[in-house]
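Okay, structure first, notes after.
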Amino acid sequence: VKGSARLLALCIAGSKIVTGEVFDADQLNLLLTAPFEAGSGKKQAVLLYPNSAREAPPVAILTPAQLAQPELLRLVVIDGTWRKSRKMLALNSPLQSLPRLGLTDMSSNYRIRKAHRTDQLSTFEATCAALMQLDGANPHIAGLLDKFDGFIGQLTANVAQHLPVRG
């Protein structure tokens, strides 16, 4: 189940997964600006990624006006380890130029993998947290996290059931 982006794409209509590490800048720009469906307007791509004070030049963050209209935003999420995501960000200049959305504090409940800190979230959890930040009134988003937590609980119970007993 590691790689919770696949599960997320199944849960959120209109999601799109693009696999790779380095993308042609023109093709990536097309992906970031393409309409979701015929006749729909252009959406502002925003990267779900922490904003580091050490970065030069400083990255743009979302403005209050942009946050007030989440339906005009396209959330871009990098799925991978922190090391891998930093590398992908460094290798893809169109991603570097996107305004960023950082998360407010949230603890992970993703017990399948080891995290070094409680605020290191799975892609599924981070995306749900971002969507709640953008559109907290949407009950579907909170329901996604409840379902994910239930799924993780079932998975860990099944794994525990099949572990050999040592004694």
Side-chain angles (χ1 to χ4, degrees), residues 1-37 40-136 138 141 144-145 148 152:
V1 172
K2 287 184 177 179
S4 60
R6 280 180 260 144
L7 182 60
L8 185 65
L10 294 171
C11 295
I12 298 179
S15 297
K16 182 173 187 166
I17 292 182
V18 179
T19 305
E21 183 176 307
V22 181
F23 300 94
D24 175 78
D26 291 334
Q27 289 179 345
L28 184 53
N29 278 320
L30 283 174
L31 285 169
L32 296 172
T33 59
F36 281 105
E37 52 200 37
S40 69
K42 185 176 175 183
K43 295 185 183 264
Q44 168 66 54
V46 56
L47 181 63
L48 175 59
Y49 206 83
N51 188 15
S52 171
R54 297 180 300 213
E55 289 183 72
V59 295
I61 57 172
L62 287 178
T63 66
Q66 289 171 312
L67 289 170
Q69 294 185 295
E71 68 278 3
L72 299 179
L73 299 175
R74 168 179 290 168
L75 190 62
V76 178
V77 181
I78 298 173
D79 182 39
T81 63
W82 280 110
R83 176 179 285 178
K84 184 68 147 179
S85 71
R86 282 190 297 270
K87 182 178 181 181
M88 288 177 68
L89 185 59
L91 293 173
N92 293 285
S93 59
L95 294 177
Q96 296 168 25
S97 65
L98 296 177
R100 293 199 192 161
L101 175 68
L103 296 176
T104 55
D105 292 334
M106 182 178 167
S107 292
S108 178
N109 199 21
Y110 191 44
R111 301 175 302 275
I112 293 175
R113 57 127 170 95
K114 182 180 179 181
H116 300 286
R117 297 187 340 243
T118 59
D119 64 345
Q120 291 179 326
L121 307 174
S122 69
T123 299
F124 195 103
E125 290 171 310
T127 303
C128 287
L131 293 172
M132 284 191 285
Q133 244 176 255
L134 293 171
D135 189 12
N138 186 334
I141 298 166
L144 284 176
L145 269 181
F148 185 66
I152 297 303

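Model, not experiment: these values are computed from the prediction.
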Mind listing the closest non-hydrogen atom pair of [X] and [Y] along with its distance?
X    : Y    : answer
L144 : C128 : CB-SG, 3.8 Å
E71  : K43  : O-NZ, 2.5 Å
Q133 : G102 : NE2-O, 3.0 Å

Next item on the list: Return the set of residues passing side-chain contact (heavy atoms from CB on, under 4.5 Å) with L72 (not counting sequence neighbours), or none when no residue passes.
Entry: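 Checked L72 against side-chain contact (heavy atoms from CB on, under 4.5 Å); matches are Q69.
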
Next item on the list: Please lay out, stage by stage, how L98 and Y49 fare under the test side-chain contact (heavy atoms from CB on, under 4.5 Å).
Entry: CA-CA 10 Å; L98 296 177; Y49 206 83; over 6 Å; no

Do [X] and [Y] make a side-chain contact, defined as non-hydrogen atoms from C-beta onward lying under 4.5 Å apart?
X    : Y    : answer
L8   : V77  : no
N138 : L131 : no
V46  : Q66  : no
T123 : L7   : no

Next item on the list: Name all pairs fulfilling the side chain to side chain donor-acceptor pair (under 3.5 Å) condition that reach into residues 87-98, sequence neighbours left out, sorted by first residue then second.
Entry: E21-K87

Notebook entry, point to check: CG/L67 to CG/L73 distance, rounded to the nearest 0.5 angstrom?
Noted result: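 That separation rounds to 7.5 Å.
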
Item checked: W82 side, atom CH2; L89 side, atom CG - distance, nearest 0.5 Å -> 10.5 Å

Next item on the list: Could you tell me whether a side-chain N or O of R6 sits under 3.5 Å from a main-chain N or O of I17, the two making a donor and an acceptor?
Entry: no

